[in-house]
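A short worksheet on the structure shown next.
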Amino acid sequence: FCMKTLVAWFSHRGMNYVAGKMVDLKVGNTEVAAKLAAELSGAGLFEIRTVQDYPFDYRECVEVSKRELAENARPELAVQPPELDGVDTLVLCYPCWCGTMPMPVWSFLDGCELSGKRILPLCTNEGSGMGHSEADIKRLCPGATVEKGLSIKGSTVSGAKPQISAWLSENGLV
């Protein structure tokens, strides 16, 4: 990557809880937000994907995510994180699962050298906000500067471009 900023994202397609009901998302809410952030900032994109796909069914996915969190699991990634030598800022996009980031995001962070870098967390959710993900990122990446994150309600992500643009601008990326 020759970009100074990288947007790394994990998203779940399939059955999701949106605005109080189950819907089948062809594109996950976090993917939508991440691509908007990359488009607005001119950043590179990296999708955090696991070797083992998560269940399509929302309830099954929740059960898997609860078990992974309880076990402090680090699911194997399908693609290893890129070298971040030329990257100053990482925009880290993820849904809020069980009050924090999905465990594949933990796997990603464990696989990156982030000392001296700036991390901007962007979390999609249906009302749980950032959960304790910002504190978890600070704990996982003690040498990085973790900025105040942006919480976006998944059901409103298609109209979140102004919100994402303002946040990126506050952080000097637009």
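Computed over heavy atoms, backbone and side chain alike; hydrogens, waters and symmetry mates excluded. All of these numbers come straight from a predicted model, not from anything done at the bench.
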Donor-acceptor pairs under 3.5 Å, side chain of residues 10-17 to any protein atom, not counting sequence neighbours: which ones?
from, atom 1, to, atom 2, distance (Å)
S11, OG, T30, N, 3.4
S11, OG, E31, N, 3.0
H12, ND1, N16, ND2, 3.4
H12, NE2, P55, O, 2.9
R13, NH2, E31, OE1, 3.3
N16, ND2, H12, O, 3.1
N16, ND2, G14, O, 3.2

Next item on the list: Run the numbers on L122 and W9 for side-chain contact (heavy atoms from CB on, under 4.5 Å), then give the verdict.
Entry: CA-CA 9 Å; L122 186 160; W9 55 277; over 6 Å; no
Check: How far apart are the C-alpha atoms of E113 and S115, what are their side-chain angles, what is the distance that settles it, and do they pass the side-chain contact (heavy atoms from CB on, under 4.5 Å) test?
Finding: CA-CA 6 Å; E113 177 46 58; S115 290; 2.9 Å; yes
Check: By side chain to side chain donor-acceptor pair (under 3.5 Å), which residues pair with K26, not counting sequence neighbours?
Finding: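 For K26, the residues satisfying side chain to side chain donor-acceptor pair (under 3.5 Å) (neighbours in sequence not counted) are D24.
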Next item on the list: Mind checking side chain to side chain donor-acceptor pair (under 3.5 Å) for D53 and listing every partner two or more places apart, or none if nothing turns up?
Entry: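 For D53, no residue satisfies side chain to side chain donor-acceptor pair (under 3.5 Å) once neighbours in sequence are set aside.
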According to a 4.5 Å side-chain heavy-atom criterion applied to Ile, Leu, Val, Met, Phe, Trp and Tyr, with indirect links allowed, do [X] and [Y] form part of one hydrophobic cluster?
X	Y	answer
L69	V64	yes
F56	V23	no
L77	I137	yes
V7	V27	yes
V62	V105	no

Item checked: Inter-residue atom distance W97.CH2 - T124.OG1, 0.5 Å rounding ->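 One finds 10.0 Å between CH2 of W97 and OG1 of T124.
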Next item on the list: Drop me the distance from M103's CE to R67's CZ, to the nearest 0.5 angstrom.
Entry: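 The distance works out to 12.5 Å.
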Between [X] (side chain) and [Y] (backbone), is there a donor-acceptor pair under 3.5 Å?
X	Y	answer
S107	P75	yes
K117	L84	yes
E147	G149	no
K66	C98	no
S128	N125	no

Next item on the list: Would you please test K4 and T89 for side-chain contact (heavy atoms from CB on, under 4.5 Å) and show each step?
Entry: CA-CA 6 Å; K4 292 271 186 212; T89 303; over 6 Å; no
Notebook entry, point to check: Are any of the side-chain heavy atoms of S133 and C96 separated by less than 4.5 Å?
Noted result: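 The answer is no; the side chains never approach within 4.5 Å.
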Margin query: Any heavy-atom pair between the side chains of E76 and T50 that's under 4.5 Å?
Written below: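 In short, these two side chains do not touch, never coming nearer than 4.5 Å.
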Note to self: Under a plain distance cut-off of 3.5 Å, with no hydrogens placed, do E126 and S155 share a side-chain donor-acceptor pair?
What the structure shows: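 There is such a pair (donor and acceptor under 3.5 Å, judged by atom type) between the side chains of S155 and E126.
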Margin query: Whether the E68 and Y54 side chains hold a donor-acceptor pair (N or O, under 3.5 Å, no angle test) is what I'd like checked.
Written below: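 Looking only at side-chain atoms, Y54 and E68 do form a donor-acceptor pair, the distance falling under 3.5 Å.
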Check: Would the W106 and Y94 ring centres measure less than 6.0 Å apart?
Finding: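 So the answer is no for these two rings.
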Checklist line | Criterion salt bridge (Lys or Arg N to Asp or Glu O under 4.0 Å) on D110 and R74, from CA distance to verdict | finding: CA-CA 9 Å; D110 282 350; R74 295 297 189 273; 2.5 Å; yes
Item checked: salt bridge (charged side-chain N to carboxylate O under 4.0 Å, His left out) partners of R59, counting only residues at least two apart ->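 Salt bridge (charged side-chain N to carboxylate O under 4.0 Å, His left out) check on R59 returns nothing, list empty.
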Would you mind writing out the side-chain donor-acceptor pairs for residues 138-145 within the sub-3.5 Å range, not counting sequence neighbours?
from, atom 1, to, atom 2, distance (Å)
R139, NH1, D136, OD1, 3.0
R139, NH2, D136, OD1, 3.2

Check: Step by step, would you call V91 with T5 a side-chain contact (heavy atoms from CB on, under 4.5 Å)?
Finding: CA-CA 7 Å; V91 179; T5 303; 4.0 Å; yes
Under 3.5 Å, which donor-acceptor pairs do the side chains of residues 157-174 form with other protein atoms, sequence neighbours left out?
from, atom 1, to, atom 2, distance (Å)
K161, NZ, E39, OE2, 2.9
Q163, NE2, S151, O, 3.4
W167, NE1, K148, O, 3.1
N171, ND2, W167, O, 2.9

